[in-house]
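Values reported hereafter were calculated over all heavy atoms of this structure, with side chains retained and with hydrogens, waters and symmetry mates removed. Both counts, for ligands and for their atoms, begin at 1 and track the order of listing.
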Amino acid sequence: MENIAGKTALVTGASQGLGRVIALELAKAGCRVIVNYANHSGNAEKVVAEITAAGGTAEPFRCDVSDEPAVHAMFAALEERFGGVDILVNNARIDPWRREASMSEGEWFDRVLSINLKGALLTSFAFMPKAMERRYGRIVNVSSVRAFRAAEPNMIAYGVSKLGMHGLTRAFAEQGAPFNVTCNTVAPGMILSENIAKRLTPEKYAEECSAIPMRRGGTAEEIADAVLFPIRNGYVTGETININGGMYYAP
Ligand SMILES: NC(=O)c1ccc[n+]([C@@H]2O[C@H](COP(=O)([O-])OP(=O)(O)OC[C@H]3O[C@@H](n4cnc5c(N)ncnc54)[C@H](OP(=O)(O)O)[C@@H]3O)[C@@H](O)[C@H]2O)c1
C-alpha cells in the first residue's frame, strides 16, 4: 500500500461523525488534514485539537461547499499555504432529517442537492487540474446505501443526491486515470454516529439493527478504513465500496 505520510488531505464535513473519524485516521497515516466545516467552528476546533494531541497535523477550514466562490477561495488558499491538496474526501452533507417545516419540496430538493452533490462536484472540479498536473490525486466520495434503495418521500432528495455521487465518481475517475488521479465511492449503511445517536432512541436503533443482515450498525472506524483503502491503493478507480453489513442485498 502507498505511503501517504506528508500528503495534504481535505475532508469536507469533518467537524463531527464519519468525517471526524476519517480525518483522525488520515492524520494517523501521517497526512496534514484540513478539517472542513460550514457552521460549527467549535466542533471543528475540537477535531483539530484531538488530532494535534495525538501528534498529528490539522487545521480547521470554514467553507460552505455549495458556495462556488468560497470553494475556489479555499483551494487557492490551500495551494498557497501547503502547495495544494493531494487527497479529497467529499463527505459533507446537510442533515437529511432536519428539514425546516417552511420549505417546499422543491426548495428542500435544491438545498440537499446543492450541498451533498453540487458541493462534491465543485470541490472535485477545483481539485482536478492541479492534481493532474502533479500526477497524483485521490478522491473518495461518501455516498450511502440509500442511493440504491427506494426512499420514503422525505428521503428522496437525500437518496438522489447520493446516487448522483456515483456519476461524479465515474466522470472524475475517467478524467483522472491517465494522470494517476483516482476517484472512488464508499457507500455506508447505517453507522452509529453522533447524528444517529441523537435521532434514534436506543430501542429504535436496536429495531433498525434487527433488519440488517449482520444485526448491527457499522462503526465510523469501519467506514474510515474503507475510505483509506482506495487512497492507499492507487490502482483502484471508478469503484464503489459498499460497506453496510449486508443491507445492499437485503430486501
Ligand atoms: N451516519 C450514517 O449512518 C451514514 C450512513 C450512510 C451514509 N452516510 C454519509 O456519511 C457522511 C457523513 O455522515 P455523518 O452522519 O457523519 O454526517 P453529519 O453528522 O450530519 O455531519 C455532517 C458534516 O457536514 C458538514 N456540513 C454540513 N453542511 C455543509 C456545507 N454546506 N459545507 C461544508 N460542510 C458542511 C457539517 O459541518 P457543520 O456542523 O459545521 O455544518 C458536519 O461536519 C455523509 O455524506 C452521509 O451522507 C452516513
Checklist line | Thr12 touching ligand 1 at heavy-atom level, < 4.0 angstrom | finding: no
Margin query: So, regarding Ser15 and ligand 1 (criterion: nitrogen or oxygen to nitrogen or oxygen, under 3.5 Å), is there a contact or not?
Written below: yes
Next item on the list: Compare every heavy atom of Ala44 with every heavy atom of Ser15, then report the nearest pair and how far apart it is.
Entry: CB-N, 3.7 Å
Check: In terms of atom number and element, which parts of ligand 1 are under 4.0 angstrom from non-hydrogen atoms of Asn195?
Finding: 18 (P), 19 (O), 20 (O)
Next item on the list: Looking only at protein heavy atoms, identify the closest one to atom 12 (C) of ligand 1 and say how far it is in Å.
Entry: Asn91 OD1, 3.2 Å
Next item on the list: Considering the heavy atoms of Lys162, write down every atom of ligand 1 situated less than 4.0 Å from one of them.
Entry: 44 (C), 45 (O), 46 (C), 47 (O)
Next item on the list: Assess Gly189 for proximity to ligand 1: is some non-hydrogen atom of it under 4.0 Å away?
Entry: yes
Note to self: Taking the side chain as everything from C-beta on, heavy atoms only, tell me whether Tyr235 gets closer than 4.5 Å to Thr182.
What the structure shows: no
Next item on the list: Just need the protein heavy atom nearest to atom 22 (C) of ligand 1, so name the residue and atom and give the distance.
Entry: Arg93 O, 3.6 Å
Next item on the list: Measure the distances from the heavy atoms of Cys63 to every atom of ligand 1 and state whether one is below 4.0 angstrom.
Entry: yes
Notebook entry, point to check: Considering only protein heavy atoms, which is closest to atom 34 (N) of ligand 1, and at what distance to one decimal place?
Noted result: Ala92 CB, 3.5 Å
Check: Counting each atom of ligand 1 from 1 as listed, which ones have a heavy atom of Ser193 under 4.0 Å away?
Finding: 1 (N), 15 (O)
Checklist line | Heavy atoms from other residues, nucleotides or ligands near CD of Glu100 exceed 12 (cutoff 6.0 Å) | finding: no
Check: Would you call the rings of Phe127 and Phe75 parallel, tilted or perpendicular if under 30° counts as parallel and over 60° as perpendicular?
Finding: perpendicular
Item checked: Check against salt bridge (charged side-chain N to carboxylate O under 4.0 Å, His left out), Glu194 and Arg199 -> CA-CA 9 Å; Glu194 285 103 314; Arg199 196 171 56 80; over 6 Å; no
Note to self: Is it the case that ligand 1 has an N or O less than 3.5 angstrom from some N or O of Tyr37?
What the structure shows: no
Notebook entry, point to check: Does a donor on one side chain and an acceptor on the other come within less than 3.5 Å for Ser66 and Asp64?
Noted result: yes
Notebook entry, point to check: Should Leu18 be counted as touching ligand 1, given the test is an N or O pair under 3.5 Å?
Noted result: yes
Next item on the list: Pull out every atom of ligand 1 sitting under 4.0 Å from any heavy atom of Tyr158, numbered as shown with elements.
Entry: 7 (C), 8 (N), 9 (C), 46 (C), 47 (O)
Checklist line | Non-hydrogen atom of Gln16 closer than 4.0 Å to ligand 1 | finding: yes
Next item on the list: Please determine, by modelled atom types, if Asn184 and Asn141 share a side-chain donor-acceptor pair under 3.5 angstrom.
Entry: no
Check: Can Arg146 be said to touch ligand 1, with heavy atoms closer than 4.0 Å?
Finding: no
Note to self: Checking Thr123 against Asn90: is there a side-chain donor and acceptor pair closer than 3.5 Å?
What the structure shows: yes
Notebook entry, point to check: Quick one: does Ser143 get within less than 4.0 Å of ligand 1, heavy atoms only?
Noted result: yes
Next item on the list: Measure the distance from atom 24 (O) of ligand 1 to every protein heavy atom, then report the residue, atom name and distance (to 0.1 Å) of the closest one.
Entry: Gly13 CA, 3.3 Å
Margin query: Distance under 4.0 Å to a non-hydrogen atom of Gly17: what atoms of ligand 1 satisfy this?
Written below: 16 (O)
Next item on the list: Compute whether any side-chain donor of one residue and acceptor of the other, for Thr185 and Ser143, lie under 3.5 angstrom apart.
Entry: no
